[in-house]
Amino acid sequence: MTISNQNHQTFFKRSILILFFVISFIGFSQNKKDTKFKVIAFYTAKNDQAHISFVHEANKYFPKLAAEHHFQYDSTSNWDNLNAKFLSKYQVVLFLNTRPEKKEQREAFQKYMENGGGFIGFHFSAFALNNSSYNQDWNWYHNTFLGSGEYGSNTWKPTSAVLRVENQHPVTKNLPKTFSSAPNEWYRWSNDLTKNPDIEILLAIDESSFPLGTGPKAHEIWHSGYYPVVWTNKKYKMLYVNMGHNDIDYEGGTNKTLSYTFENKTQSQLILNALLWLGNSKKK
């Protein structure tokens, strides 16, 4: 082989290598560019198999949704990450069936929200009941921010409900006026959300759902009333979603999951709408 041919081959190999690195860099840059926003979910997943099941489901479902819609989803069970430095990397915070308990965590979350952060709280994340393991000892969160106050009561056994869209909003975009939800344990609250001017109710239980629940206790079956299940506080970029309790085979003793929250397509569209609305909104 001549020196000239060797030089040509060396040049060709180098050109291919350079081209490979350029393509890889462009792909990497494009992937970074395509990541529209970042979501961080906080969870505990230690109490109530129905809540644990939902958390595990969410941590499988949201990464797939993130890949499809070009946002980043991370999750952590370390609530000490609820601090200003850590939160500064994320546009949206999720509480998966738990709330923070430490004073410094709560203060960091309040500042994050007051500075324009986004939030979705699921199901038990709003729970508070004095003389329980989750006392109502965080006035800003339960009364000012969520508006719901203390837990009042719930339906049982977890059942599907017909939900009705109450107000047009980016979260309810392309949702039918009414639809059937995934099975869930539904909550009633101590505060009347309809009397709070800061609260905009987006979904409520439709009258066609009654009686809702199967008991066995009579008070676990609702026969009438107005029950908001999804709402936003207009002073913040936030959403509360009552859903987040999968049906579990407690009666049969297997503790197997009998229903999954995100298998309901219409309900999941609402969650996607919420993530895109919060993630793509500009900070105040």
Does a salt bridge link Asp74 with Lys38, judged by any charged N lying under 4.0 Å from a carboxylate O?
no
Considering residues at least two apart in sequence or located in another chain, which fulfil the side chain to side chain contact (heavy atoms under 4.5 Å, CB included) criterion with Ile52?
Ala45, Gln49, His56
Roughly how far apart are Phe37 CZ and His70 NE2, rounded to 0.5 Å?
11.0 Å
Roughly how far apart are Ile271 CD1 and Ile120 CD1, rounded to 0.5 Å?
5.5 Å
Side chains of His51 and Thr98: does their closest heavy-atom pair fall under 4.5 Å?
no
For Ala274 versus Leu239, what's the shortest heavy-atom pair and its separation?
CB-CD2, 3.6 Å
Nearest-0.5 Å distance, CZ of residue Arg99 to CG of residue Leu82
13.0 Å
How close do Asn246 and Ala50 get, heavy atom to heavy atom, and via which atoms?
O-CB, 3.2 Å
Is there a chain of hydrophobic side chains (I, L, V, M, F, W, Y, each step under 4.5 Å between heavy atoms) that links Ile248 to Phe122?
no
Beyond-backbone contact of Lys102 with Asp80, side-chain heavy atoms, under 4.5 angstrom:
yes
Are Asp137 and Arg106 ion-paired here, with the side-chain N under 4.0 Å from a carboxylate O?
yes
So, for Tyr236 and Met113, which heavy atoms are closest and what is the spacing to 0.1 Å?
CD2-O, 3.8 Å
How about Phe109 and Phe145: are their ring centroids closer than 6.0 Å?
yes
Atom pair CG (Asn97) and OG (Ser125), whose distance is rounded to the nearest 0.5 Å
6.5 Å
In short, side chain to side chain donor-acceptor pair (under 3.5 Å) pairs touching residues 214-226 with sequence neighbours left out are Glu166-Tyr226
Under 6.0 Å between the ring centres of Trp186 and His245?
no
Is there side-chain contact between Val39 and Gln72, with heavy atoms separated by less than 4.5 Å?
no
Are a donor atom and an acceptor atom from the side chains of Thr172 and Asn273 found within less than 3.5 Å of each other?
no
Do Gln105 and Asn83 have side-chain N/O donor and acceptor atoms under 3.5 Å apart?
no
Check ring-ring contact (aromatic ring centres under 6.0 Å, His included) between Tyr151 and all other residues, then give those that pass, not counting sequence neighbours.
Phe127, Tyr187
Do Phe54 and Phe262 have side-chain heavy atoms sitting under 4.5 Å apart?
yes
Are side-chain N/O atoms of Asn130 and Gln136 paired as donor and acceptor at under 3.5 Å?
no
Any side-chain donor near an acceptor of the partner, Asn143 and Asn191, under 3.5 Å
yes
Could you walk me through whether Ser148 and Tyr240 pass the side chain to side chain contact (heavy atoms under 4.5 Å, CB included) check?
CA-CA 10 Å; Ser148 48; Tyr240 172 73; over 6 Å; no
Sequence neighbours excluded, which residues qualify as side chain to side chain contact (heavy atoms under 4.5 Å, CB included) partners of Glu263?
Tyr260
CZ on Phe179 to OG1 on Thr266, rounded to 0.5 Å
6.0 Å
If I compare all heavy atoms of Trp156 with all of Pro216, which pair ends up nearest, and what's the gap?
CD1-CD, 4.4 Å
For Asp247 versus Ser259, what's the shortest heavy-atom pair and its separation?
N-OG, 2.9 Å
Are the ring centres of Phe95 and Phe119 closer than 6.0 Å?
yes
Could you give the side-chain donor-acceptor pairs of residues 197-206 under 3.5 Å, partners two or more places apart or in another chain?
unit_1	atom_1	unit_2	atom_2	d
Asp206	OD1	Arg164	NH1	2.9
Asp206	OD2	Ser208	N	3.1
Asp206	OD2	Ser208	OG	2.7

side-chain hydrogen bond (donor to acceptor under 3.5 Å, both in side chains) partners of Thr159, counting only residues at least two apart
none
